[in-house]
Asks: 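Provided herewith is a single structure, encoded as structure tokens, for subsequent inquiry.
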Amino acid sequence: MNTLPDFPWDKLEPYKERARAHPDGVVDLSIGTPVDPVPPAVREALTAASDSPGYPMTHGTRRLREAAAGWLRRRHEVTVDQRDVLPLIGSKEFVAWLPTYLGAKRVVLPELAYPTYDVGARLAGASTLASDGLLALGPERPDLVWINSPGNPTGRVLPAEHLRKVVAWARERGTVVASDECYIELGWEERPVSILHPDVCGGSHEGLLAVHSLSKRSNLAGYRAGFVTGDPALVKRLLEVRKHAGMIMPAPVQAAMAAALADDGHADEQRELYAARRARLRPALEAAGWRIDHSTAGLYFWASNGEKSWDQVGKLADIGILVAPGEFYGAAGGQHVRIAVTATDERVDAAVRRLQ
């Protein structure tokens, strides 16, 4: 196993202390953790299922799988069989362990990427290449390619044409493509498309996996609720491994997740909250000298004032605002910061005042 890197967020602690020293307290925009309430119907479903003394099913209940398939069909024009849905204990654990599940030896990641893609490859003892252009790989046949649209940290959306090329390239080489789509319902200036959409994959899910999370859509980060779907043969293989490993979503969470996926109303309301926070924060950042790049979807602004990322982190910490340095996500992020919009309205308004 390759040596794991230091946990990047630990490096933020000195800046967090500086930000906390502000008379009105810290505005923490560094981590995209939900702050709004869990929808009442979801909490009610969790409570109703709380008397669950027996072992739950690794494959999840049929109700949960049908709710996930229904959501994909209803909201994203993707059709999957409910049998090809596999619940996850939050999507992060799956991202970290997928290379191990697949026995991958070579993994391709985006140039700017969620750090867990790299961590997962290291846990599997696999080598990695960070590249947004697959032509750079030449004749190489990697075992796994990760894509992320809308992207974290950049908020970049990959168009269907680009995704089609990725699928064709991978199928020529027998490479698995895993698409992390946890921000797919949060398109602002662009509408994200799933890798499983027929316009992308030609109606076949062969060699493809789409990973989804309810942390952002339904404020369920504390529930650890996600799922993967796609190639039936791959999902069946993953299910068998997870059965052996005991990777089972708790039964009450399965019930809560089914309720969340069946209800679009709360997701639309949450989206409006984020849209309003973005609309207040972006002009304040731009007026204060930050340029916003990409950021057409997702829950972050990918921002730069032209200085080194840690200098920008320090500058904002001095006025009580905590953000993440771009270099957490790769060397290409050395002059950017990632700014989350997942703070409360009161804290977002505080940030706007401090930026003036």
Side-chain angles (χ1 to χ4, degrees), residues 5-37 92 112-116 119 150-155 182-183 186 188 213 215-216 219 221-222 270 273-295 297-356:
D6 292 335
F7 190 63
W9 298 99
D10 292 342
K11 298 178 184 178
L12 264 184
E13 284 302 317
Y15 297 90
K16 186 178 290 188
E17 291 305 311
R18 283 164 63 177
R20 282 175 176 159
H22 190 279
D24 187 35
V26 62
V27 176
D28 192 344
L29 306 180
S30 65
I31 299 179
T33 188
V35 297
D36 300 304
K92 182 174 182 176
L112 286 164
Y114 184 46
T116 309
V119 167
N152 176 12
T154 63
C182 72
Y183 300 96
L186 296 168
W188 309 114
S213 167
S215 294
K216 276 62 178 183
N219 299 333
Q270 186 61 47
L273 284 176
Y274 287 137
R277 290 165 187 164
R278 283 172 50 89
R280 296 200 297 278
L281 188 56
R282 179 168 188 157
L285 286 164
E286 291 173 332
W290 269 268
R291 182 185 75 247
I292 307 299
D293 295 323
H294 303 301
S295 307
L299 291 178
Y300 311 105
F301 289 124
W302 187 236
S304 177
N305 69 357
E307 300 175 4
K308 292 180 180 179
S309 62
W310 281 107
D311 291 339
Q312 296 180 61
V313 171
K315 189 171 186 177
L316 288 167
D318 286 340
I319 57 172
I321 300 172
L322 187 68
V323 301
E327 70 173 46
F328 277 6
Y329 307 94
Q335 288 191 313
H336 281 78
V337 290
R338 193 195 75 168
I339 304 173
V341 298
T342 53
T344 63
D345 290 338
E346 185 274 332
R347 288 289 85 188
V348 167
D349 291 339
V352 169
R353 290 193 299 272
R354 296 175 195 186
L355 287 163
Q356 292 173 347

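We number each residue from 1, following the sequence as shown.
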Asks: Run T154 and Y329 through side chain to side chain contact (heavy atoms under 4.5 Å, CB included) and show every step you take.
Replies: CA-CA 10 Å; T154 63; Y329 307 94; over 6 Å; no

Asks: Looking only at non-hydrogen atoms, find the nearest pair between S309 and H336 and report the distance.
Replies: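 Of all heavy-atom pairs spanning S309 and H336, the closest is CB-O, 3.0 Å.
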
Asks: Can you confirm whether or not the ring centre of W302 sits under 6.0 Å from the ring centre of H294?
Replies: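 Between H294 and W302, which both carry aromatic rings, the centre distance is not below 6.0 Å.
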
Asks: Are any of the side-chain heavy atoms of L285 and V352 separated by less than 4.5 Å?
Replies: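 They are not in contact (no side-chain heavy atoms under 4.5 Å apart), so the answer is no.
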
Asks: Would you say the side chain of P153 lies within less than 4.5 Å of the side chain of Y300, judging by non-hydrogen atoms?
Replies: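 The answer is no, as the side chains (C-beta and beyond) never meet within the 4.5 Å cut-off.
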
Asks: Name each donor-acceptor pair under 3.5 Å that joins a side chain in residues 318-327 to protein atoms two or more places apart or in another chain, with its distance.
Replies:
{"residue": "D318", "atom": "OD1", "partner": "R18", "partner atom": "NE", "Å": "3.3"}
{"residue": "D318", "atom": "OD1", "partner": "R18", "partner atom": "NH2", "Å": "2.9"}
{"residue": "D318", "atom": "OD2", "partner": "R18", "partner atom": "NH2", "Å": "3.3"}
{"residue": "E327", "atom": "OE2", "partner": "W310", "partner atom": "NE1", "Å": "2.9"}

Asks: Salt bridge between D349 and R347, side-chain N to carboxylate O under 4.0 Å?
Replies: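 Between R347 and D349 there is no salt bridge, as every charged N stays at least 4.0 Å from the carboxylate O atoms.
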
Asks: Over all heavy atoms of both residues, which pair between F301 and V341 is shortest? Give the atoms and the distance, please.
Replies: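 It is CE1-CG1, 3.7 Å.
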
Asks: Shortest non-hydrogen contact from A340 to L281?
Replies: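 It is O-CD2, 4.2 Å.
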
Asks: How long is the span from the NZ atom in K308 to the CD atom in Q335, to the nearest 0.5 Å?
Replies: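 Here the rounded value is 9.0 Å.
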
Asks: Taking the side chain as C-beta and beyond, is there a heavy-atom pair between L12 and V313 under 4.5 Å?
Replies: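 They are in side-chain contact.
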
Asks: Give a yes or no on whether the backbone of G289 and the side-chain of N305 come within a donor-acceptor separation of less than 3.5 Å.
Replies: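 Not confirmed, N305 side chain does not pair with G289 backbone.
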
Asks: Between R338 and I31, which heavy-atom pair has the shortest distance, and what is it?
Replies: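 Shortest heavy-atom contact: NH2-CA, 3.7 Å.
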
Asks: Roughly how far apart are L112 CG and F328 CZ, rounded to 0.5 Å?
Replies: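 If we round to the nearest 0.5 Å, L112:CG and F328:CZ are 14.0 Å apart.
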
Asks: When rounded to the nearest 0.5 angstrom, what distance separates CZ in R277 from CG in D345?
Replies: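 One finds 4.5 Å between CZ of R277 and CG of D345.
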
Asks: So, taking the atom named OH in Y15 and the one named OG in S30, what distance separates them when rounded to the nearest 0.5 Å?
Replies: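 Rounded to the nearest 0.5 Å, the OH-OG separation comes to 13.5 Å.
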
Asks: So which atom in D28 and which in K16 form the shortest heavy-atom distance, rounded to 0.1 Å?
Replies: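 Reported closest heavy-atom pair: OD2-CE, 4.5 Å.
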
Asks: Got a second to check how far K92's NZ is from S215's OG, nearest 0.5 Å?
Replies: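 Nearest 0.5 Å value for the NZ-OG distance: 11.0 Å.
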
Asks: Shortest non-hydrogen contact from A343 to V35?
Replies: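 Shortest heavy-atom separation between A343 and V35 comes out as C-CG2, 3.7 Å.
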
Asks: Calculate, to the nearest 0.5 Å, the distance between atoms NZ and OG1 belonging to K216 and T342 respectively.
Replies: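 K216 atom NZ to T342 atom OG1 measures 8.0 Å (nearest 0.5 Å).
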
